[in-house]
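Structure, as structure tokens:
Note that ligands are numbered from 1 as they come in the structure, with each ligand's atoms numbered from 1 the same way.
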Amino acid sequence: MSAETGNVPLVLIVSGPSGSGKSTLVQKILELPGTMPSISCTTRPRRATESSGKCYDFVSEAEFEAMVARGEFFEYARVFGKYSYGTPKKWLEESRKRGLDLVLEIDVQGAAQVKEKLPESVAIFILPPSREELERRLRGRGQDSDEEMARRLAKARDEIAAFGKYYDFCVVNDDVERAGREAQAIVTALRCSSTRRRDRVQKLLASFGGKN
Ligand code: 5GP
């Protein structure tokens, strides 16, 4: 049960093209009490700025395949046709055990799988303000070759095209403070939805005694 609502915790999917600033907005959501992150496994090499177990659990191809064979992933996908990424089932179990809303930062292929298996999950798409701004941000990172840049922009286009299919909400990240408040507001509103407050209402009614 969720500590915040007394319900089964929310499963929140956050996706968006690389350069849309989704990691920053995920951090904003995680600032809300009652939330926890899902830590993905990936075969991508670790960047200098990353430590294992914080952003990702970095595993070898063989380890990843073994986890797939043991059915340990809730969803997994090959991203940019190069490296594998997956959400271990253990985070869903942990979120239910601890009563914390779970935040998954995954790509569109992953979002489609989660939505299929768990239709009550909620998907938020982070949109860059424009293509030019997205390219500027990607170039600003200075970590990608021209080839990689073209691949990221092409993937961004495909992801934006898939937006209408799986996503319940869309946040335009033109100003990180405002976009962060919007992302937090979405979670707050979900927690206040009448379906999620039903048990609470029943309990309150019961405390009045007599019949409903
Ligand atoms: P990066 O290598 O830049 O950290 O991530 C590349 C892409 O993989 C991003 O779009 C990110 O959201 C996505 N991703 C990260 N973890 C997962 C995961 O567990 N499953 C899926 N399907 N995608 C993931």
Side-chain angles (χ1 to χ4, degrees), residues 11-30 36-61 63-68 70-95 102-118 121-128 134-135 137-145 147-163 165-167 169-171 173 179 183:
V11 173
L12 301 157
I13 301 163
V14 181
S15 311
S18 88
S20 62
K22 63 179 177 302
S23 301
T24 313
L25 298 186
V26 163
Q27 287 314 312
K28 295 273 181 196
I29 293 176
L30 289 171
M36 63 173 272
S38 155
I39 299 175
S40 298
C41 286
T42 182
T43 59
R44 162 168 84 58
R46 181 193 316 208
R47 296 182 187 133
T49 50
E50 295 172 328
S51 55
S52 193
K54 194 136 188 275
C55 325
Y56 287 112
D57 272 326
F58 296 95
V59 299
S60 66
E61 289 282 352
E63 280 173 289
F64 196 94
E65 287 311 317
M67 289 178 78
V68 170
R70 292 196 297 265
E72 288 181 21
F73 288 120
F74 190 63
E75 66 73 34
Y76 66 95
R78 217 162 168 86
V79 179
F80 300 128
K82 246 172 131 181
Y83 300 117
S84 299
Y85 294 78
T87 305
K89 287 180 183 161
K90 68 174 180 189
W91 297 118
L92 281 106
E93 290 153 16
E94 177 108 358
S95 131
L102 185 68
V103 186
L104 271 55
E105 187 183 334
I106 58 178
D107 82 334
V108 173
Q109 306 171 74
Q113 294 176 53
V114 175
K115 275 281 187 184
E116 171 99 0
K117 290 182 187 158
L118 208 63
S121 59
V122 177
I124 306 173
F125 196 82
I126 310 300
L127 212 58
L134 184 70
E135 185 168 350
R137 288 183 193 170
L138 287 173
R139 290 204 185 279
R141 285 183 182 180
Q143 68 190 22
D144 298 320
S145 61
E147 192 196 344
E148 182 71 19
M149 182 74 68
R151 204 168 25 225
R152 283 184 188 271
L153 285 172
K155 185 167 195 282
R157 198 214 156 274
D158 292 349
E159 289 191 326
I160 294 167
F163 157 69
K165 228 164 150 185
Y166 311 111
Y167 293 85
F169 294 92
C170 179
V171 173
N173 191 10

Does some non-hydrogen atom of Gly86 fall short of 4.0 Å from ligand 1?
-> yes
Of all the non-hydrogen atoms in the protein, which one sits nearest to atom 13 (C) of ligand 1, and at what distance?
-> Asp107 N, 3.8 Å
Does CZ in Arg78 sit with more than 12 non-hydrogen atoms of other residues, nucleotides or ligands closer than 6.0 Å?
-> yes
From Ile39, Val14, Thr87, residue fulfilling side-chain contact (heavy atoms from CB on, under 4.5 Å) relative to Leu104 | Thr87
May I ask you to say whether Lys89 pairs ionically with Glu93, meaning some side-chain N is under 4.0 Å from a carboxylate O?
-> no
Report the distance from atom CG of Leu25 to atom CG of Leu30, rounding to the nearest 0.5 Å.
-> 11.0 Å
Determine, considering heavy atoms only, which of Glu75, Gln113, Glu105, Arg44 sits nearest to atom 20 (N) of ligand 1.
-> Glu75
Quick one: nearest non-hydrogen protein atom to atom 3 (O) of ligand 1, plus distance?
-> Arg47 NH2, 3.2 Å
So, is Ser40 polar-close to ligand 1, with some N/O to N/O distance under 3.5 Å?
-> yes
NZ (Lys165) with more than 12 external heavy atoms under 6.0 Å | no
Nearest neighbour of atom 7 (C) of ligand 1 from the list Val108, Thr42, Val79, on a heavy-atom basis = Val79
Subset of ligand 1 atoms that lie under 4.0 Å from at least one heavy atom of Ala77 = 22 (N)
Modelled atom types, side-chain donor and acceptor of Glu148 and Ser145, under 3.5 Å = no
For ligand 1, which atoms, with element, lie under 4.0 Å from some heavy atom of Gly110?
-> 22 (N)
At a non-hydrogen distance cut-off of under 4.0 Å, which region of Lys22 contacts ligand 1 (side chain, backbone, both, or neither)?
-> side chain
Those atoms of ligand 1 less than 4.0 Å from some heavy atom in Thr87 = 19 (O)
Between Ser15 and Tyr167, does any side-chain donor sit less than 3.5 Å from a side-chain acceptor?
-> yes
Is there at least one pair of N or O atoms, one from Tyr85 and one from ligand 1, spaced under 3.5 Å apart?
-> yes
Taking everything shown except Glu116 itself, do over 12 heavy atoms lie less than 6.0 Å from its CD?
-> no
Would you say Tyr56 touches ligand 1, if touching means a heavy atom closer than 4.0 Å?
-> yes
